[in-house]
Amino acid sequence: SDISEEGILIVQQKSKARLTVAMTPEIAGVIARAKTLRNVPCQWLLHPNGKATAYAYSSIKSAYQRAVSASGVTDATLHDLRAKSLTDLKKAGGDPQKLAGHRLESTTLRYLRGIESPLVSGPSLRSS
């Protein structure tokens, strides 16, 4: 029920902020492919095998940690995925604060990686 032609409704866990991520051909394609992976017996697109419930955050975090460990990477967290998506959006000219659902810009800025600071001209020291 959270997926529509308009996009995907997201309710932020902490702030309860609601936003809709616009549907794109790429997202629609991923959803279509996911639906062919197995018969989805419930409302959840992604769910544990044989269960009609959504994945718990702890299950996703555990699976991610296992994948990180298997890859040999030593310092990756789920927040790195969030930082990557917010940074890419900022670089593309989008509004990462809206996507993140943060009330304060300073919170969003903690996630942005490798964003170059703008080059500005300083004051002239010449007397007029």
Side-chain angles (χ1 to χ4, degrees):
S1 64
D2 296 334
I3 300 173
S4 69
E5 288 183 18
E6 183 180 22
I8 303 172
L9 174 66
I10 305 290
V11 179
Q12 299 290 333
Q13 187 172 1
K14 288 183 183 177
S15 68
K16 305 300 182 212
R18 297 168 61 91
L19 63 115
T20 300
V21 176
M23 187 62 68
T24 64
E26 293 84 3
I27 292 173
V30 168
I31 292 169
R33 287 190 303 277
K35 286 180 176 181
T36 66
L37 294 176
R38 61 177 176 258
N39 186 13
V40 179
C42 66
Q43 66 178 339
W44 307 103
L45 181 61
L46 302 174
H47 59 89
N49 288 329
K51 295 188 179 181
T53 59
Y55 277 103
Y57 177 79
S58 59
S59 298
I60 292 170
K61 183 177 179 181
S62 177
Y64 184 80
Q65 288 171 333
R66 286 192 306 273
V68 167
S69 179
S71 73
V73 175
T74 59
D75 61 351
T77 70
L78 277 174
H79 281 85
D80 293 325
L81 294 177
R82 186 172 176 91
K84 172 72 171 141
S85 66
L86 296 178
T87 300
D88 287 353
L89 181 61
K90 175 73 174 176
K91 287 180 177 179
D95 187 346
Q97 185 174 345
K98 280 186 182 176
L99 179 62
H102 296 147
R103 285 182 282 138
L104 302 174
E105 181 183 20
S106 59
T107 304
T108 305
L109 291 175
R110 289 189 296 219
Y111 284 91
L112 301 182
R113 306 287 192 262
I115 299 292
E116 295 180 20
S117 57
L119 179 62
V120 297
S121 298
S124 174
L125 298 178
R126 296 182 187 174
S127 58
S128 22

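Shown here are the salt bridge (charged side-chain N to carboxylate O under 4.0 Å, His left out) partners of D95, two or more places apart in sequence or in another chain: there are none. Evaluation of the side-chain hydrogen bond (donor to acceptor under 3.5 Å, both in side chains) rule for R82 yields H102 as partners, not counting sequence neighbours. Shown here are the side-chain hydrogen bond (donor to acceptor under 3.5 Å, both in side chains) partners of S62, two or more places apart in sequence or in another chain: R66. By the side chain to side chain contact (heavy atoms under 4.5 Å, CB included) test, D88 is found to be paired with K84, residues two or more places apart in sequence or in another chain being considered. Not counting sequence neighbours, K61 has no partner by the side-chain hydrogen bond (donor to acceptor under 3.5 Å, both in side chains) test. In terms of the side chain to side chain contact (heavy atoms under 4.5 Å, CB included) criterion, residue partners of L112 (sequence neighbours excluded) are, by chain and number, L86, T87, K90, P96, L109, I115.
There is a path of hydrophobic side-chain contacts, each under 4.5 Å, that joins L81 to Y57.
The ring-ring contact (aromatic ring centres under 6.0 Å, His included) pairs that include a residue from residues 8-31 number zero, where partners must be two or more places apart or lie in different chains. Residue pairs that meet the ring-ring contact (aromatic ring centres under 6.0 Å, His included) test with at least one member in residues 4-34, sequence neighbours left out, do not exist here.
In terms of heavy-atom proximity, R103 sits nearest to Q97 at O-NE2, 3.2 Å. Of all heavy-atom pairs spanning G101 and A17, the tightest one is O-CB, 4.1 Å.
To the nearest 0.5 Å, atoms CD1 (I8) and CD1 (I3) are separated by 5.0 Å.
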Show me the donor-acceptor pairs within less than 3.5 Å that the side chains of residues 18-34 make with the rest of the protein, sequence neighbours left out.
from, atom 1, to, atom 2, distance (Å)
T24, OG1, E26, N, 3.4
T24, OG1, E26, OE1, 3.3
T24, OG1, I27, N, 3.0
R33, NH1, G29, O, 3.4

Can you give each donor-acceptor pair under 3.5 Å made by side-chain atoms of residues 67-77, sequence neighbours left out, with the distance rounded to 0.1 Å?
from, atom 1, to, atom 2, distance (Å)
S71, OG, V68, O, 2.7
S71, OG, V73, N, 3.2
T77, OG1, H79, N, 3.2

